[in-house]
Student: 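Dropping the structure in here first, questions after.
Order of the sequence lines sets the chain letters (A, B, ...), proteins ahead of strands, with each chain counted from 1. No hydrogens, no waters, no symmetry mates; every other heavy atom, side chains included, goes into these values. Values in this document were obtained by computation on a predicted structure and should not be read as measured data.
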Number of protein chains: 2
Amino acid sequence: MAGVFDALAADRSRIERASAAQRVAEVLREHITEGRLAPGTRLSEEALGEALAVSRNTLREAFRLLADQRLVVHELNRGVFVKVLNPQDVADIYTLRLALETAGVRALHSAATERLAAVRTALARAEAAEALGDWVAVGTADLHYHQAVAGLAGSPRIDEAMAHLVAELRLAFAAVPSAHALHEPFLRRNQTLAGLLESGEIDDAEVELTRYLDDARAVIVRAMTETRP
Amino acid sequence: MAGVFDALAADRSRIERASAAQRVAEVLREHITEGRLAPGTRLSEEALGEALAVSRNTLREAFRLLADQRLVVHELNRGVFVKVLNPQDVADIYTLRLALETAGVRALHSAATERLAAVRTALARAEAAEALGDWVAVGTADLHYHQAVAGLAGSPRIDEAMAHLVAELRLAFAAVPSAHALHEPFLRRNQTLAGLLESGEIDDAEVELTRYLDDARAVIVRAMTETRP
DNA sequence: ATTGCCGGATTGTTCCACAATCCCCTAGCC
DNA sequence: GGCTAGGGGATTGTGGAACAATCCGGCAAT
């Protein structure tokens with residue numbers, strides 16, 4: 001019966017326009033994750049509505065979307081604020097991150113080949129950025145890399161949860177002064193992990209991943225407590 | 001310095017009133033997860049706003065909250081609809097569920113004793129409901145039980161992700177005609193899993209959990225394809 | 001039978017009004 | 001002096017109306 005136009009259905013998202021609330025949320029998301037809106041900043045409905053030329057209602061819907069992604073917190077009768085991460089948050093993020101990425105590693109053998117290719121691509125991007133000395137780009141590629149690792153599970157819900165975590169992680173990265181010091185030690189370990197994945201050594205990959213995330217969490221937590229004791 | 005009143009902070013949620021949007025979302029959530037609002041039902045802004053005596057603005061904010069929990073889908077210019085789960089969704093839910101509950105099992109040794117007690121309590125509730133022949137209550141207790149298993153990880157983010165999954169799972173359960181046939185085979189296996197957890201056999205618990213979820217997914221998917229082919 | 005088009009109905013968005021709440025500041029008190 | 005109480009201004013919470021944008025079903029024309 002059907003099935004002839006299934007290939008077109010994949011491009012459905014390119015047809016549907018986004019609502020104003022979604023577009024506003026997207027703009028704010030960028031500003032927050034890139035550190036242009038400092039954590040703790042209060043997002044005034046009136047001021048933001050004027051700046052973005054949208055009504056308060058639309059803005060409030062956008063806030064709900066951002067709160068879903070944990071990038072802002074909504075305090076009743078007080079307004080919405082750019083999320084301020086504390087060390088507990090970072091620890092918790094890494095707990096969930098371990099669960100999601102482990103799910104990806106474990107699905108390695110049943111993962112489609114293009115998913116593993118995505119891991120390779122992200123790693124190559126990180127190396128290229130390192131060669132240029134662009135450590136912020138290394139951070140971006142690093143997050144893409146780990147998103148791809150979780151993506152090995154082939155699960156839309158895991159992908160989305162991981163995407164939210166990644167956005168939140170950027171908040172944590174922004175709290176660390178030196179992107180170089182933050183990412184340099186882990187770049188090599190990304191390569192190690194990728195090697196284990198390529199050769200299908202699931203158990204070893206899982207062990208390495210666990211240690212990797214433990215160490216990364218410790219580095220960020222330490223940096224956070226140092227800069228803001 | 002601080003810390004004296006930390007115990008009070010846990011009850012903070014009892015003080016803060018909820019916004020109208022949150023209360024509306026809560027009411028709708030109950031109706032959806034209990035099957036009183038059939039999947040696919042269109043939620044008209046005008047009709048619902050009148051029924052609940054809230055403005056369209058407030059209702060739209062509530063819809064955003066429900067969409068966050070995946071209980072409704074929002075189609076631009078068409079409205080919001082109660083989520084219709086397909087077998088792919090169910091399979092994906094179980095993929096994420098496995099990741100979250102596995103994280104709980106793995107954290108068993110470092111879990112606080114009261115978390116394990118929560119697992120015991122939920123299991124006892126399920127057995128009590130079985131004794132009464134109330135299979136819907138068994139289903140509720142079963143979900144609480146698995147929420148508690150994931151809760152062993154002690155991670156707020158895992159707890160929240162699991163809570164969302166549980167709400168979505170209720171949609172799947174509602175699609176299965178016989179609650180008895182659905183839950184009866186798994187009640188005993190919940191006891192098996194609890195026994196392994198009590199005795200600290202993490203690896204065996206993980207294997208049992210994996211098989212459990214595989215089987216449960218298969219049962220639901222089969223029931224879904226039978227009732228709606 | 002397919003396409004083109006129209007009109008009703010619903011959502012998307014804005015604007016405005018007012019109540020509810022919070023926050024800061026000042027005055028008063030011990 | 002420090003603490004408490006209370007007032008006033010600013011901001012959010014919520015409702016309501018209006019109009020634009022969009023979708024959907026049906027009718028007409030080919």
Student: Please state whether the phosphate of dG12(C), meaning OP1 or OP2, lies under 4.0 angstrom from any side-chain nitrogen or oxygen of H74(B).
Tutor: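 Answer is yes, contact under 4.0 Å.
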
Student: Report, as yes or no, whether the 6.0 Å neighbourhood of atom CD on E75(A) holds more than 12 heavy atoms from other residues, nucleotides or ligands.
Tutor: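 Counting neighbours around CD of E75(A), more than 12 heavy atoms of other residues, nucleotides or ligands fall under 6.0 Å, so yes.
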
Student: E61(A) or E75(A): which one's nearest nucleotide on DNA chain C is closer to the 5' end?
Tutor: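 That would be E61(A).
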
Student: Side-chain N or O of R60(B) less than 4.0 angstrom from OP1 or OP2 on dT11(C)?
Tutor: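 R60(B) to dT11(C) OP1/OP2: no side-chain N or O under 4.0 Å.
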
Student: Can you give me the N/O atom pairs linking the protein to nucleotides 6-10 of chain D at distances under 3.5 Å, or say none if there are none?
Tutor:
none

Student: Tabulate protein N/O versus nucleotide N/O from nucleotides 19-22 of chain D, keeping only pairs under 3.5 Å, one per line.
Tutor:
from    : atom 1 : to     : atom 2 : distance (Å)
dT22(D) : O3'    : N77(B) : ND2    : 3.2

Student: Whole Å only: how far is the CD atom of E50(A) from the P atom of dT12(D)?
Tutor: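 So the two atoms are 13 Å apart, to the nearest Å.
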
Student: Ignoring hydrogens and angles, answer whether the base of dG13(D) and the side-chain atoms of N57(B) contain a donor-acceptor pair closer than 3.5 Å.
Tutor: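 Looking at the base of dG13(D), it does not pair with any donor or acceptor on the side chain of N57(B) (distance under 3.5 Å).
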
Student: Would you say that Q69(A) contacts E168(A) through its side chain, given a criterion of any heavy-atom pair below 4.5 Å between the two side chains?
Tutor: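 Side chain of Q69(A) against side chain of E168(A), heavy atoms only: no contact under 4.5 Å found.
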
Student: Starting at CG of L59(A) and ending at P of dG13(D), how long is that distance when rounded to a whole Å?
Tutor: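 The answer, rounded to whole Å, is 11 Å.
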
Student: Before you tell me yes or no, could you show the steps for R125(B) and H144(B) under side chain to side chain donor-acceptor pair (under 3.5 Å), namely the whole-Å CA-CA distance, both residues' side-chain angles and the distance that decides it to 0.1 Å?
Tutor: CA-CA 9 Å; R125(B) 289 239 176 78; H144(B) 277 132; 5.6 Å; no

Student: In whole Å, I'd like the distance from the CZ atom of R78(A) to the C1' atom of dT12(D).
Tutor: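 R78(A) atom CZ is separated from dT12(D) atom C1' by 11 Å.
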
Student: Go through it in stages, so that I can follow the logic: the residues are R115(A) and V119(A), the test is side-chain contact (heavy atoms from CB on, under 4.5 Å), and I'd like the CA-CA distance, side-chain angles, deciding distance and then a yes or no.
Tutor: CA-CA 7 Å; R115(A) 296 194 199 286; V119(A) 176; over 6 Å; no

Student: Phosphate oxygens OP1/OP2 of dT10(C): is one of them under 4.0 Å from a side-chain N or O of S44(B)?
Tutor: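 Answer no for this pair, as no side-chain N or O of S44(B) is under 4.0 Å from OP1 or OP2.
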
Student: Determine whether L100(A) and L96(A) make a side-chain contact, defined as any pair of heavy atoms from C-beta on separated by less than 4.5 Å.
Tutor: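 L100(A) reaches L96(A) side chain to side chain.
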
Student: Given atom CD of E45(B) and atom P of dT13(C), what is their separation to the nearest angstrom?
Tutor: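 My rounded result for the distance is 11 Å.
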
Student: Rounded to whole angstrom units, what separation is found between the CZ atom of R42(A) and the P atom of dC22(C)?
Tutor: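 My rounded result for the distance is 13 Å.
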
Student: At less than 4.0 Å, is any side-chain N or O atom of T58(A) found next to OP1 or OP2 of dG12(C)? Yes or no.
Tutor: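 No, T58(A) has no side-chain N/O under 4.0 Å of OP1/OP2 on dG12(C).
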
Student: Please examine the side chains of L48(B) and F63(B), heavy atoms only from C-beta on, and report whether any two atoms are closer than 4.5 Å.
Tutor: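 When only atoms from C-beta onward are counted, L48(B) and F63(B) do touch, with a gap below 4.5 Å.
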
Student: Under 6.0 Å from the CD atom of E46(B), do we count more than 12 heavy atoms belonging to anything else shown?
Tutor: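 Atom CD in E46(B) is not packed in, count stays at 12 or less.
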
Student: I'd like to check D89(B) versus Y94(B) (side-chain heavy atoms, cut-off strictly below 4.5 Å). Are they in contact?
Tutor: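 No - every pair of side-chain heavy atoms lies 4.5 Å or more apart.
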
Student: Starting at the 5' end of DNA chain D, which residue's closest nucleotide do you reach first, E46(A) or A53(B)?
Tutor: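 Of the two residues, E46(A) wins.
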
Student: Apply ring-ring contact (aromatic ring centres under 6.0 Å, His included) to F186(B) and H146(B), showing your working.
Tutor: CA-CA 12 Å; F186(B) 295 103; H146(B) 285 274; 9.0 Å; no

